[in-house]
Amino acid sequence: MRPLTYSRARDVGDAIALAAASPASAFLAGGTNEVDLIRAGVSRSGHLVDINDLPLTAVEDRPGGGLRIGALARMTDVARAPIVVRRFPAISRALLLGASEQLRNMATMGGNLCQRTRCPYLRDGVSPCNKREPGTGCSALDGLNRGHAILGTSERCIATHPSDVAVALVAFDAVIRTAGPGGERAIAADDFFLLPGDTPEVEHPLAHGELIVGIDVPGEPLGIGSVYLKFRDRQSYEFALVSVAAAVEAEDGIVTGVRLALGGVGTKPWRARRAEAALVGGPADEAAFRRAAALELDAAVPRRYNAFKVELARRAVVRGLTHSLRGARP
Ligand code: SF4
């Protein structure tokens with residue numbers, strides 16, 4: 001058994017100081033990922049700084065139709081907040097399709113964004129895994145890789161980023177606000193999630209002791225017609241094989257604006273920028289959606305058991321864009 005110590009922070013400054021004082025510290029909010037990984041022997045945290053008393057639970061209006069979401073707001077509360085449902089249904093839907101109801105009631109928004117990008121080999125404690133033990137290899141490359149990523153992979157790691165809501169946040173250019181020993185920062189959500197490259201153990205740019213304090217979502221009229229679709233092996237408590245956050249608008253049959261991101265296929269929440277660029281100014285019809293989806297998936301690197309994701313992702317993109325364009329609710 002490894003010793004584990006605990007302290008409870010009074011405010012943000014206190015939390016940063018307590019975390020910075022111990023090189024093995026981690027923040028504890030909902031605990032749904034960190035405690036799980038400590039139990040599995042994957043997390044090496046030796047000191048937990050409980051941040052549940054910090055006043056970071058609000059979901060607030062921002063000028064121009066944006067949102068400010070506190071880092072400690074629970075997934076359930078954000079999903080049901082009227083301004084989220086009304087302005088960004090894709091964010092609400094992504095939250096409701098994530099995890100289980102019990103987990104959504106505990107898990108926080110900041111914790112959701114900080115959860116480990118992981119696969120069963122990381123959790124088993126014995127298989128070679130570059131995330132758990134850098135330099136040992138990646139068991140998934142030639143192993144059971146049905147659920148693994150096809151976009152943004154490297155020869156060091158092909159684990160899929162697990163978050164649903166992060167996909168919707170990336171689609172809408174959310175900004176992650178942090179506070180830490182070096183001061184405050186605002187990090188674009190797309191930059192917050194790092195590709196594995198040669199260092200898959202490094203998943204985000206947070207410094208030790210740096211804490212997410214909130215998430216800002218800029219006002220975006222396209223958000224009102226946004227959708228989030230999730231395709232998985234069973235209809236609850238399951239990671240996505242493919243998911244899509246989509247919002248599209250058109251005038252006289254021509255696409256004037258689009259937001260598109262994919263989950264379940266990337267080593268990070270995958271903003272489909274190639275597809276977006278191909279769509280704007282072109283026809284808003286299924287053939288164009290199919291061409292854009294194919295263009296985005298051209299970069300896919302499928303493995304032995306996950307090649308089906310390429311076609312599944314193409315179809316998911318077409319369906320997501322079509323639902324958004326028609327104002328249909330999945
Ligand atoms: Fe580890 Fe990543 Fe390979 Fe899974 S895919 S075994 S997490 S290195």
Side-chain angles (χ1 to χ4, degrees), residues 2 24 26-27 31-45 98-99 103 107 111-167 170 189-206 208 230-234 237-243 261-271 296-297 299-313:
R2 285 190 310 113
F27 293 116
T32 56
N33 188 230
E34 182 62 24
V35 172
D36 184 38
L37 293 179
I38 289 172
R39 284 191 178 134
V42 174
S43 170
R44 304 286 181 206
S45 302
L103 287 169
N112 186 296
L113 302 185
C114 287
Q115 66 180 303
R116 294 297 308 271
T117 304
R118 55 199 187 271
C119 88
Y121 294 113
L122 176 134
R123 291 181 56 89
D124 74 14
V126 293
S127 301
C129 171
N130 287 322
K131 266 190 194 292
R132 184 176 8 88
E133 299 285 350
T136 56
C138 172
S139 297
L141 291 178
D142 298 313
L144 296 174
N145 47 37
R146 181 173 181 274
H148 287 70
I150 54 174
L151 292 167
T153 59
S154 78
E155 289 305 305
R156 299 288 177 94
C157 181
I158 58 171
T160 310
H161 194 275
S163 173
D164 289 290
V165 71
V167 177
V170 163
D190 202 16
D191 297 332
F192 183 80
F193 304 102
L194 303 180
L195 293 170
D198 291 334
T199 54
E201 71 278 13
V202 182
E203 297 172 355
H204 52 66
L206 293 176
H208 181 67
K230 181 172 181 178
F231 303 91
R232 47 188 165 170
D233 284 330
R234 60 183 180 199
Y237 196 29
E238 185 59 278
F239 293 118
L241 292 168
V242 173
S243 68
L262 293 165
V265 290
T267 52
K268 60 181 276 183
W270 195 263
R271 181 76 178 267
E296 191 67 43
L297 272 299
V301 180
R303 307 278 166 173
R304 182 173 181 191
Y305 296 111
N306 67 0
F308 72 98
K309 285 191 175 188
V310 177
E311 181 59 21
L312 188 60

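Atoms within each ligand, like the ligands themselves, are counted from 1 in listed order. Just so you know, these numbers come straight off a predicted model, no measurement behind them.
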Salt bridge or not between K131 and E203? Use side-chain N to carboxylate O under 4.0 Å.
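A salt bridge links K131 with E203.
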Salt-bridge contact R146-D233 (side-chain N to carboxylate O under 4.0 Å):
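Judged by the 4.0 Å cut-off on N to carboxylate O distance, R146 and D233 do form a salt bridge.
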Taking backbone and side chain together, does C119 place any N/O/S atom at a distance below 2.8 Å from atom 4 (Fe) of ligand 1?
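Short answer: yes, at least one N, O or S atom is under the cut-off.
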Among all protein heavy atoms, pick out the one at the shortest distance from atom 2 (Fe) of ligand 1; state its residue, atom name and that distance to 0.1 Å.
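Residue, atom and distance for the closest contact: C157 SG, 2.4 Å.
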Counting each atom of ligand 1 from 1 as listed, which ones have a heavy atom of [X] under 4.0 Å away?
| X | value |
| --- | --- |
| A140 | 5 (S) |
| K131 | 7 (S), 8 (S) |
| Y121 | 6 (S) |
| C138 | 3 (Fe), 5 (S), 8 (S) |

Please determine which of E201, E34, E133 meets the salt bridge (charged side-chain N to carboxylate O under 4.0 Å, His left out) test together with R44.
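Testing each of E201, E34, E133 against R44, the sole residue satisfying salt bridge (charged side-chain N to carboxylate O under 4.0 Å, His left out) is E133.
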Does the side chain of L206 reach to within under 4.5 Å of the side chain of F192, using non-hydrogen atoms?
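They are in contact (side-chain heavy atoms under 4.5 Å apart), so the answer is yes.
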Are more than 12 heavy atoms, taken from residues, nucleotides or ligands other than F308, located less than 6.0 Å from that residue's CZ atom?
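Yes, enclosed.
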Backbone or side chain, does C129 get an N/O/S atom under 2.8 Å to atom 1 (Fe) of ligand 1?
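An N, O or S atom of C129 is closer than 2.8 Å to atom 1 (Fe) of ligand 1, so yes.
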Got a donor-acceptor contact below 3.5 angstrom from the T160 side chain to the V265 backbone?
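Judged by distance alone, no pair lies under 3.5 Å.
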For ligand 1, note which part of R156 has a heavy atom under 4.0 Å away: side chain, backbone, both or neither.
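The backbone, only.
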Would you tell me which option among I158, N130, L122, N145 has the nearest heavy-atom contact to atom 5 (S) of ligand 1?
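Residue with the shortest heavy-atom distance to the ligand atom: I158.
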Applying side chain to side chain contact (heavy atoms under 4.5 Å, CB included) to D36 and Q115, what does each step give before you reach the verdict?
CA-CA 11 Å; D36 184 38; Q115 66 180 303; over 6 Å; no
